[in-house]
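What follows is a short report on a single structure.
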Amino acid sequence: MSDQTAAEAEERAEEQAEERSMEEAATLSPKLIFEVIRRNGEEELERTNRSLFWSGIAAGIMISASVLGEAIFRTYLPDAPWRYLLENLGYSLGFIVVILGGMQLFTENTITTVLPLLRDPCGRMFSRVGQLWALVLAANVVGAFGVAMLFAYTSAIPPDLLPALTELSEHATGMPAFQGFMKAIPAGVLVAAIVWMLPQAEESSFWVILVFTWLIAAGDFTHIVAGSVEMAFLMVQGQLGVFDAVLRFFLPVLAGNIVGGTVIFALIAWGQVRDDVKPKAY
């Protein structure tokens, strides 16, 4: 092989390698992101109820790291104007553990399992999604009450943190029902946005979760599962009645998260790709 031919072959190889690198670095199209999340949702819908339930309990327990993290920052940081922004970084801790750990968090399911439903809107799929939502939410709440008992009635938590835990819990559950509903809508949108971005984020997933869950806390938005830990912490100590817990906090925040994560974000995501996605064949 002549030197010229060898040089041309080497140049072609370099061009091909460069083209492959550019393709790998290219951003995923909305259709591909939709397909990744939809397939994840279908996998979730195929899991056994026992697997979903225990994963949901784990998420309800571990999301308590968000409340605990905030309480630690509030307790030990100086009382300064900047403390509010810094202490809300603690809120991200539970979400980082739960999302990167692949645990079942209800507000993630408001988009993950809805995308298969949008592609195949039949009665059977509605039933499957509804059952999964109910099971995962119940499991999240069970986990939240379990960890609330740990916080309130054992020595697992230093006594110095209890006043901050109580303050945070009273604030989260003390707002009027309609205000809680409205504040839950942006939280639902932001959690759904995290789910939408994760397939593209790859190595930066940690930072995506950190920044956007910090924004939920810094914006004083309400999240049903993290808030359930705060609700349960007050309820197990008799500081919050069932009526106020359910009707003033739980149901309005649940509805707001669903509106934000499903009605708003999932439909926007579906609108981007509906003309490119083939309906399920029977």
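Given the structure is predicted, the values throughout are model-derived calculations rather than measurements.
Formation of a donor-acceptor pair under 3.5 Å by the S205 side chain with backbone atoms of A201 is not found in this model. Panel note: side chain T222, backbone G180; a donor-acceptor pair is recorded below 3.5 Å. Between the side chain of W133 and the backbone N or O of N109 there is at least one donor-acceptor pair closer than 3.5 Å. A side-chain donor-acceptor contact under 3.5 Å links Q237 to the backbone of F233. Checking side-chain atoms of W196 against main-chain N and O of I37 turns up no donor-acceptor pair under 3.5 Å. Side-chain N or O atoms of R83 include one that pairs as donor or acceptor with a backbone N or O of R74 at under 3.5 Å. With N140 contributing its side chain and Q104 its backbone, the two residues share a donor-acceptor pair below 3.5 Å. A donor-acceptor pair is defined here as one N or O able to donate and one able to accept, closer than 3.5 Å; no such pair exists between the side chain of T107 and the backbone of G188. At distances below 3.5 Å, not a single donor-acceptor pair connects side-chain atoms of S55 with backbone N or O atoms of L52. Side-chain atoms of T48 come within 3.5 Å of backbone atoms of S51 as a donor-acceptor pair (strictly under, hydrogens ignored).
Annotation for H223 and A226: closest pair ND1-N, 3.2 Å, computed over non-hydrogen atoms. The minimum heavy-atom distance between A245 and L240, with the atom names listed, is CB-CD2, 3.7 Å.
You'll find the side chain of N257 stays beyond 4.5 Å of the side chain of V225, heavy atoms only. Annotation: side chain of L77 is in contact with side chain of W82 (closest heavy-atom distance under 4.5 Å). A heavy-atom distance below 4.5 Å is found between the side chains of W207 and L210. Here the side chains of E108 and E44 are not in contact, with every heavy-atom distance at 4.5 Å or above. Looking at V189 and F212, their side chains never come closer than 4.5 Å, going by heavy atoms from C-beta outward. A heavy-atom distance below 4.5 Å is not found between the side chains of N88 and F73. Side-chain contact check for M125 versus L45: some heavy-atom pair is nearer than 4.5 Å. When side chains are defined from C-beta on, I194 does not count as touching L190, because their heavy atoms never get closer than 4.5 Å.
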F95 vs L105, side-chain contact (heavy atoms from CB on, under 4.5 Å): CA-CA, chis, key distance, verdict: CA-CA 9 Å; F95 287 91; L105 188 67; 4.0 Å; yes

Start with the C-alpha distance between D244 and F249, add both sets of side-chain angles, then the distance that settles side-chain contact (heavy atoms from CB on, under 4.5 Å), and finish with yes or no. CA-CA 7 Å; D244 285 338; F249 170 75; over 6 Å; no

Run Q131 and S127 through side chain to side chain donor-acceptor pair (under 3.5 Å) and show every step you take. CA-CA 6 Å; Q131 289 175 8; S127 176; 3.3 Å; yes

Residues 145-162, side-chain donor-acceptor partners within the protein, below 3.5 Å, at least two apart:
unit_1	atom_1	unit_2	atom_2	d
Y153	OH	V236	O	2.6
T154	OG1	L150	O	2.6
T154	OG1	A156	N	3.2

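Counting non-hydrogen atoms of neighbouring residues, nucleotides and ligands closer than 6.0 angstrom, the OH atom of Y84 exceeds 12 such neighbours.
No donor-acceptor contact under 3.5 angstrom links the side chains of S66 and E70, judged on distance only.
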